[in-house]
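Right, one structure below, let's go through it.
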Amino acid sequence: NDFGTFKVAAKDVILNDINAIDLGASTVSGNLNVTAAGAITDSGVLSVTGTTTLAAGASNNITLDSANDFTGAVSITNANDVILKNANAIELGTSAITGDFTLTAGGNVTQSGAVTAGGTTDITASGKDVTLDNASNDFATVKVVAKDVTLKDANAIDLGVSAISGDFTLTAGGDVTDSGAITVGGTTDITATSGGGHDVTLNNANDFTGAVTASANNITLNDVNGITLDSLTANTTSGTVKVTSGGKIANGSSNPNITAQTIDLTADTGIDPLNTSATNITAFTNSGDIDIANSNANATTASLTVSADPGNIIFAQTGSGALEVTTATTANGKIDISVAGANLTVAEAEAGGAGKDVTLTTTAGGNIYVDNVTATGDSIIVNSFGDIEESGTDAAADLTASTLALNAATGIGTANAIETAATSIAATTTNDTINLANANAAATTATSLTTGTGDISFSQTGGGALTVT
């Protein structure tokens, strides 16, 4: 057959055209099956009560962009670019689209068969739900405007510009990326599965309003505003979670909120409070607190910075792994670092601002090693379950403050003298030695130097007078 425009009112309709075919206004109370060797278009509204099956050939387009009403499933056997409009809800049957797929619906979008689209899939169902949860789907790039959205892809998937007013759930068998900004008004739950080794990289100018959950080898998230992290799970031996926020990074209901080998957090107005499990943690915020509790049982390295004021650093290593702090710096905030059951090493820490102290603590086991810790004009408080020792052997001050309060169970400076620069010093140990060298040019008071069983060695090397009370 070779039709121009075809209009029909019937029950079941089967059409075959050796060229292109245009469908005029038609009412089909049963099923519609159209096969063409050219483009399939519409010049009138189509109303089909049963299923619709369309085949135009892999290089030909299907454009049905009138206010159609397909009640049954719509299947695209083969076509290049496909444009469908439906006045109400639409169900997609098994479809193979080599090019772009554009779908506009006035109701929910669902599926009863797998959909393959080689180009961009652009779905608009404003205020309605999109549920394309067949595990055999295979999309390239997907754009969506809808309420609640559920997508599954057997392979990798790229997300284009999307506006989702409700919840967003995505499961992919490959990498998840974004080529456009994504806005989600509800929660976001993304999983990159199928044997592991796949990444979630959503680093566009996104805006996730609800809590975010993600599971992948590596996870990268960017939010132009604040972001709430419920549960981000990356590979614990090699995976990285990187989160950048234009506001605050906050915690959801899960514990831990982040599990990975490496965590890299950048916020504008604070990171607090987060529960993590990682061995390498970097946290930066322009202002606001950094508040992290890390439950990892392995040795951990942390770098913590609050670049502007106000903002405190509170870091608790709770999982019995040792902690090395390479840097902890505030512009105007206190620093409080603690470790339960293991050693704490602080290579560099500086609390800026007036009345901002540094507190270092180990409980239930562990020594404290200090190198360059500063609270100019304020206090440094060190409470160690074991020793307090110098980290390294340089001659520079290990502890610089107005007031030092050092409390240890088994010695202070037993290996080498701890170099200090302070005007008021109290040091107490239950057992072993106290060995301090204070390089302070001003008058200094040692308010208390107490040991249960060891010696006390205190040298005032800065030229200031010393009073021992």
Side-chain angles (χ1 to χ4, degrees), residues 293-294 297 299-300 302 314-325 328 334-349 351 357-375 378-440 444-461 466-469:
N294 189 53
T300 300
I314 304 100
F315 192 102
Q317 178 82 345
T318 63
S320 74
L323 174 65
E324 179 182 1
V325 178
K334 71 176 184 179
I335 297 174
D336 189 338
I337 301 171
S338 62
V339 176
N343 293 337
L344 167 61
T345 302
V346 181
E348 181 179 355
D357 300 335
V358 175
T359 302
L360 308 176
T361 306
T362 57
T363 60
N367 303 322
I368 296 179
Y369 299 89
V370 293
D371 191 7
N372 183 13
V373 181
T374 303
D378 297 308
S379 298
I380 296 175
I381 303 100
V382 183
N383 297 307
S384 176
F385 187 90
D387 299 352
I388 300 174
E389 302 289 352
E390 178 186 32
S391 175
T393 57
D394 61 84
D398 302 309
L399 301 171
T400 301
S402 176
T403 301
L404 297 181
L406 311 179
N407 297 281
T410 55
I412 301 172
T414 60
N416 296 292
I418 296 177
E419 291 98 12
T420 61
T423 56
S424 177
I425 300 174
T428 301
T429 181
T430 305
N431 296 296
D432 220 319
T433 299
I434 295 175
N435 188 4
L436 302 174
N438 191 51
N440 191 26
T444 299
T445 301
T447 59
S448 175
L449 301 173
T450 305
T451 179
T453 60
D455 298 331
I456 296 174
S457 175
F458 189 105
S459 59
Q460 177 79 348
T461 62
L466 174 64
T467 301
V468 178
T469 60

Does the side chain of [X] reach to within under 4.5 Å of the side chain of [Y], using non-hydrogen atoms?
X: N343; Y: Y369; answer: yes
X: T450; Y: T429; answer: no
X: I418; Y: I412; answer: yes
X: T345; Y: S391; answer: yes
X: V358; Y: T374; answer: no
X: F385; Y: T361; answer: no

Interatomic spacing from [atom1] in [X] to [atom2] in [Y] - rounded to 0.5 Å:
X: E390; Y: T420; atom1: CD; atom2: OG1; answer: 11.0 Å
X: F458; Y: L436; atom1: CZ; atom2: CG; answer: 6.0 Å
X: N372; Y: E419; atom1: CG; atom2: CD; answer: 11.5 Å
X: L344; Y: I337; atom1: CG; atom2: CD1; answer: 6.5 Å
X: L404; Y: I425; atom1: CG; atom2: CD1; answer: 5.0 Å
X: I388; Y: T362; atom1: CD1; atom2: OG1; answer: 8.0 Å

Q: I would like to know whether I434 and S457 meet side-chain contact (heavy atoms from CB on, under 4.5 Å); could you show each step before the answer?
A: CA-CA 6 Å; I434 295 175; S457 175; over 6 Å; no
Shortest non-hydrogen contact from [X] to [Y]?
X: G413; Y: N435; answer: O-CB, 3.2 Å
X: S320; Y: A342; answer: O-CB, 3.5 Å
X: D432; Y: G411; answer: CB-CA, 3.9 Å
X: A302; Y: L323; answer: CB-CD1, 4.1 Å

Q: May I have all residue pairs that pass side-chain hydrogen bond (donor to acceptor under 3.5 Å, both in side chains) and include part of residues 395-414, sequence neighbours excluded?
A: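 Counting only pairs at least two positions apart or across chains, the side-chain hydrogen bond (donor to acceptor under 3.5 Å, both in side chains) contacts touching residues 395-414 are N383-N407, D387-T410, E389-T414.
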Partner set under side-chain contact (heavy atoms from CB on, under 4.5 Å) for [X], not counting sequence neighbours:
X: N431; value: T453
X: T393; value: N416
X: T430; value: none
X: A349; value: A328, I335, V346, V373

Q.
Checking D357 against I380 for the side-chain contact (heavy atoms from CB on, under 4.5 Å) test, could you report, in this order, the C-alpha distance in whole Å, the side-chain angles of both residues, the deciding distance, and whether it holds?
A. CA-CA 6 Å; D357 300 335; I380 296 175; over 6 Å; no
(Q) Using the side chain to side chain donor-acceptor pair (under 3.5 Å) criterion, which residues pair with N440? Sequence neighbours excluded. (A)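 Once residues adjacent in sequence are excluded, the partners of N440 under the side chain to side chain donor-acceptor pair (under 3.5 Å) criterion are T444.
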**Q.** Side-chain H-bond candidate by donor/acceptor type, Q460 with N438, under 3.5 Å
**A.**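 On atom types as modelled, these side chains qualify, holding a pair under 3.5 Å.
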Q: Decide side-chain contact (heavy atoms from CB on, under 4.5 Å) for T300 and E324; before the verdict, give the C-alpha distance in whole Å, the side-chain angles of both, and the deciding distance to 0.1 Å.
A: CA-CA 6 Å; T300 300; E324 179 182 1; over 6 Å; no
Q: Output yes when a side-chain donor or acceptor of D371 lies under 3.5 Å from a complementary backbone atom of E348, and no otherwise.
A: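 Pair absent, no side-chain N/O of D371 close to backbone of E348.
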